[in-house]
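Just so it is clear, the values below take in all heavy atoms, side chains as well, and ignore hydrogens, waters and symmetry mates.
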Amino acid sequence: MRLGFQLAFADEFVVGMGDSLRRSLRILVIGTALAILPAVAVTAAEDSPFRRLQLRTQQRTQAPAQQANPGSDQSALTEDQTPEETALTNLPDEGSNLAQTLEPGEEPVPLQSTPPPTSAMPGVLSPTGIPQSERPTDQGFETPPDYLSPAPNPLLLPTQPAQVEILGTQPISLATAIDLAFRNSEDLQIAFLQLERSREGLRAEQALLYPTADLGVGLRATNETVLGLGPDDTNIQLDGGVRADYDLGISGERSARIRAAEEQVRLSELEVERIREELRLSTINEYYAVQQAIEQIRINQTFLDEAERNLRDTQLREEVGVGTRFDVLRADVQVANARQSLTQSISDREIAQRQLARRLNVPPNINLTTLAVEIAGTWPLSLEESIVLAFQNRAELEQFLVERDFNEAQRQVSLSATRPNLGLFARFNGLSLLTSPNLPNSADTGFSVGAELNWRLFDGGAARARAAQNELDIQTDEFEFENVRNRIRLEVEEAYYTLQANQANISTATLAVQQSAEALDLANLRFQAGVGTQLDVLVATRELTEAQGNLVRAVLDYNRALARLERAVSNLATAQR
């Protein structure tokens with residue numbers, strides 16, 4: 001009776017009004033009737049479709065309040081919770097700090113307790129409002145633990161599946177990741193070995209500055225017949241001598257070889273510096289890749305939850321006769337697409353985690369995850385100052401200059417083959433006759449000193465040809481220097497402009513998050529009042545998650561651009577990093 005009276009009253013009230021106002025009032029009356037009818041007609045049937053639909057609406061309107069008050073009672077789990085959310089809610093208190101750093105499907109590393117917190121990195125800004133998964137921002141290690149170091153035997157090859165099984169996931173900070181990369185990287189270790197090899201080569205060339213000493217000893221037996229007359233005589237004699245030689249180096253070969261070895265050492269040092277900078281940039285990019293994959297999981301999981309809730313609500317509406325099969329099919333497609341996106345994002349996270357673990361060369365049974373997303377810092381220099389500083393600091397530019405000097409030294413070595421060479425020598429000899437049928441045993445000694453001059457007058461033009469090769473290498477180094485100089489300037493400009501663009505994108509994305517959150521609140525209010533649809537709420541939720549994802553991507557792209565700019569300039573002070 002009450003419903004009929006309201007409908008009749010509405011029909012009388014809207015007489016004479018325009019079509020648009022009439023349609024709006026009818027929608028409002030029907031929504032009010034749908035909210036009242038289940039409470040009057042099906043009071044005893046608590047599990048009816050109308051009752052479940054009403055509970056869905058109440059949960060929808062109460063969700064923002066529960067998110068705003070994290071200290072509220074959440075012991076009673078709704079049927080909308082995913083198994084991953086239920087598992088995280090029921091975690092024990094012991095080790096809970098470590099568990100909060102993990103994503104659904106990850107297990108903590110059982111090797112040690114929660115690492116002690118460290119202070120935030122200097123110069124790092126932590127703006128509020130960046131949507132992300134729940135992970136602490138100050139967790140890390142002052143010194144990476146030993147269990148994150150690779151096996152001491154580099155030739156170790158696992159032969160059992162249990163030896164490569166993932167035991168757990170270790171959260172690490174970006175600073176810890178860089179420390180692990182510097183400590184565990186095979187490429188950097190190979191570069192250090194090459195540097196030590198070059199130093200040993202320099203020591204070998206520096207040995208030419210000292211005289212050489214040789215010892216020779218001989219024992220011989222002779223049996224000779226003179227013109228076939230008389231019996232054979234067998235003589236046994238022992239002779240020996242010590243000889244010392246010293247090259248005066250007038251040809252220039254010795255000094256050129258030493259200078260070439262010194263330049264080779266410098267090249268190896270610059271190569272170590274270059275590999276360190278490249279390793280730092282690669283580690284930062286792969287760390288940010290894990291962060292972005294994790295945040296993409298959060299975005300896709302949120303949209304999947306909303307799509308599943310929309311599907312259940314749409315099915316209930318179809319059951320009570322206020323929905324259509326078409327709406328249910330559309331909701332099914334949305335759920336399927338959301339689930340597929342979530343599955344792909346989980347795969348992307350696993351791949352990114354394994355790439356980071358490979359970059360850091362941690363043991364194969366440990367997975368790695370990251371801490372929260374935050375802005376890495378600011379750039380204190382202008383574009384022009386950055387370009388000039390890059391020209392001064394980049395190891396690649398200095399490498400070509402050193403290679404030019406190295407090739408010049410090699411040219412002098414080639415030319416020294418046709419130059420005169422003067423050396424000093426001192427020799428001491430001794431001869432002892434051990435047995436002889438005709439002569440008694442005797443011993444004689446003697447010494448000699450002198451100088452020797454060697455000069456190759458003709459070599460067929462080989463020395464000149466090798467020197468011409470070295471001259472061409474010098475010209476090649478000069479052109480390569482110019483090429484790398486221009487490339488470095490382009491790298492600085494690209495990174496600088498990208499940094500500025502993403503800095504503006506962070507402000508734009510922050511405003512978009514605020515506006516989309518306000519739009520979601522309005523969509524919930526319209527749906528509660530009956531003038532909006534569940535699809536409007538779903539679209540608003542999707543737009544909010546996309547805006548949050550855009551904000552996270554803008555922050556990560558800003559951090560990547562900052563890392564590329566630091567790499568392009570290189571050798572910055574620690575405080576500026």
Around atom CZ of R487, are there more than 12 heavy atoms from other residues, nucleotides or ligands closer than 6.0 Å? yes
Look at the side chain of N483 and the backbone N and O of F479, then say whether any donor-acceptor pair between them is shorter than 3.5 Å. no
Using modelled atom types only, decide if a donor and an acceptor are shared between the side chain of Q163 and the backbone of T159 within a distance under 3.5 Å. yes
Would you find a donor on one side and an acceptor on the other, under 3.5 Å apart, between the side chain of N361 and the backbone of A357? no
With sequence neighbours excluded, residues passing side chain to side chain contact (heavy atoms under 4.5 Å, CB included) with E196: R199, E200, R203
Verify, without hydrogens or angle tests, whether E263 (side chain) and E403 (backbone) share a donor-acceptor contact under 3.5 angstrom. no
E398/R266 ion pair, N-O < 4.0 Å: yes
Those residues that, when tested against R489, pass side-chain hydrogen bond (donor to acceptor under 3.5 Å, both in side chains) (two or more places apart): E493
Among N559, L371, L556, T176, side chain to side chain contact (heavy atoms under 4.5 Å, CB included) partner for Y287: L371
Say you draw a straight line from CD of E350 to CD1 of I166; how long is it, rounded to the nearest 0.5 Å? 10.0 Å
For I506 versus L551, what's the shortest heavy-atom pair and its separation? O-CD1, 3.8 Å
When you measure from the side chain of D473 to the backbone of A468, do you find a donor-acceptor pair of N or O atoms at a distance under 3.5 Å? no
With E278 as reference, evaluate R394, R359, R567 under the salt bridge (charged side-chain N to carboxylate O under 4.0 Å, His left out) test and give the passing residue. R567
Side chains of Q399 and R404: do they bring a donor and an acceptor to under 3.5 Å? no
Taking R274 first and then E396, would you say they form a salt bridge - that is, a charged N and a carboxylate O separated by under 4.0 Å? no
Side-chain donor-acceptor contact under 3.5 Å, D557 with N505: no
Between D348 and Q344: side-chain donor-acceptor atoms closer than 3.5 Å: yes
According to side chain to side chain contact (heavy atoms under 4.5 Å, CB included), who are the partners of V449, at least two apart in sequence or on a separate chain? A426
Is any NZ, NE, NH1 or NH2 atom of the basic residue among R564 and E491 found under 4.0 Å from an Asp or Glu carboxylate oxygen of the other? no
Within the distance-only criterion (no hydrogens, no angle test), does the side chain of R254 pair as donor or acceptor with the backbone N or O of D247 below 3.5 angstrom? yes
May I ask you to check whether S251 and S416 show a side-chain donor-acceptor distance below 3.5 Å? no
Which pairs count as salt bridge (Lys or Arg N to Asp or Glu O under 4.0 Å) when at least one residue sits in residues 156-171, sequence neighbours excluded? none
Ion pair check, E186 and R358, cut-off under 4.0 Å: yes
Any non-hydrogen side-chain atom of Q353 less than 4.5 Å from a side-chain atom of T369? yes
Side chains of W379 and S386: do they bring a donor and an acceptor to under 3.5 Å? yes
Apply the test salt bridge (Lys or Arg N to Asp or Glu O under 4.0 Å) to residues R259 and E262: give CA-CA distance (whole Å), side-chain angles for both, the deciding distance (0.1 Å), then the verdict. CA-CA 5 Å; R259 185 154 55 91; E262 292 174 345; over 6 Å; no
Is a donor from one side chain sitting under 3.5 angstrom from an acceptor on the other, for T445 and N429? no
Quick one: do the S507 and T510 side chains pair a donor with an acceptor below 3.5 Å? no
Should R197 and Q264 count as side-chain neighbours, where that means a heavy-atom distance under 4.5 Å? no
Report yes if some heavy atom in the side chain of L208 is under 4.5 Å from a heavy atom in the side chain of E205; otherwise report no. yes
Side-chain heavy atoms of Y147 within contact of Q170, under 4.5 Å: yes
List the residues meeting side chain to side chain contact (heavy atoms under 4.5 Å, CB included) with A462, not counting sequence neighbours, and say none if there are none. D459, R466
S345: side chain to side chain contact (heavy atoms under 4.5 Å, CB included) partners, not counting sequence neighbours: Q296, I297, N300, L342
Any side-chain heavy atom of P171 within less than 4.5 Å of one from T370? no
Backbone of S382 reached by a side-chain donor or acceptor of E385 within 3.5 Å: yes
Do the side-chain N and O atoms of Q291 and E295 include a donor-acceptor pair separated by under 3.5 angstrom? no
